[in-house]
Amino acid sequence: MGRRRDRIRPIIELLATEHADAKIALEFRSPVELLISVMLSAQTTDVNVNRVTKTLFEKYRGPEDYLAVPREELEQDVYATGFFRQKAKSIQGAMRVLLEEFDGEVPGTVDELLRLPGVARKTANVVAAELGNPQGIVVDTHVRRLSQRLGLTRREDPVKIERDLVKLVPRADWGRFPHLLIWHGRRVCDARRPRCEDCVLVALCPSSRVEVDEVAEIP
Ligand code: SF4
């Protein structure tokens, strides 16, 4: 199968060709909308967040708009994303600090983003990466599963998985790498039923259920 250091580039290249459309599934038009979307996406699906933000972003155009309403009103407006009380509180806290310390602009580094109330490391990593400044590799459930199946890590803990991945994945690919794994996970390498027979990584994956000599042509 080869060393993971030798396999990582072909893995990235094959996935980039296969999922040329891979990108963040959240819909937003500005860095503030990106930040709000990512904050709302905790414990729910991106589809659900997009449904809620479609109307939310018509009502709230800038950071000050989130502070101009009572907390209860914002809670109702984000209710359908779940954990609505905590999310409304975090959003108002983050918007306040954004206005007070960052002139209303979303900062681009993880350290600065972590100064916003309610913004944890994962949120900060996603936002920084989308703003073109990835400082780590976002590890969600798909990234974790695929990294393990592809033999890129043996770890279980997301922080340790990220540590393994940043040593392995070229820095220029830190931003797109999670999207590639997420889309591959959704489309091909399902948690319960991986479709190895249709997978472009079959010759590079130690977990493949298909014999490599069954593969007609190995890229
Ligand atoms: S070969 Fe199978 S287990 Fe490996 S990445 Fe592809 S679908 Fe997943």
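These figures come from a predicted structure and were not determined experimentally. Just the heavy atoms: all of them, side chains too, but no hydrogens, waters or symmetry mates, feed the values below. We count ligands from 1, going down the list as the structure has it; atoms in each ligand are counted the same way.
The atoms of ligand 1 that sit less than 4.0 Å from any heavy atom of S208 are 1 (S).
With hydrogens left out, the protein atom closest to atom 2 (Fe) of ligand 1 is C196 SG, 2.4 Å, a heavy atom. Atom 8 (Fe) of ligand 1 has as its closest protein heavy atom C189 SG, 2.4 Å.
Side-chain contact of R145 with H142: a donor-acceptor pair under 3.5 Å is present, judged by distance alone.
Residue C199: an N/O/S atom is found under 2.8 Å from atom 6 (Fe) of ligand 1. For a distance bound of 2.8 Å, the N, O or S atoms of C205 include one lying that close to atom 4 (Fe) of ligand 1.
With hydrogens and angles disregarded, no donor-acceptor distance shorter than 3.5 Å links the side chain of R149 to the backbone of S207.
Salt bridge present: R186 and D46 bring a charged side-chain N and a carboxylate O closer than 4.0 Å. A salt bridge is absent between R209 and E197; no separation between the charged side-chain nitrogens and carboxylate oxygens falls under 4.0 Å.
Contact of the N50 side chain with the K54 side chain is not registered, since no non-hydrogen atoms from C-beta on lie closer than 4.5 Å.
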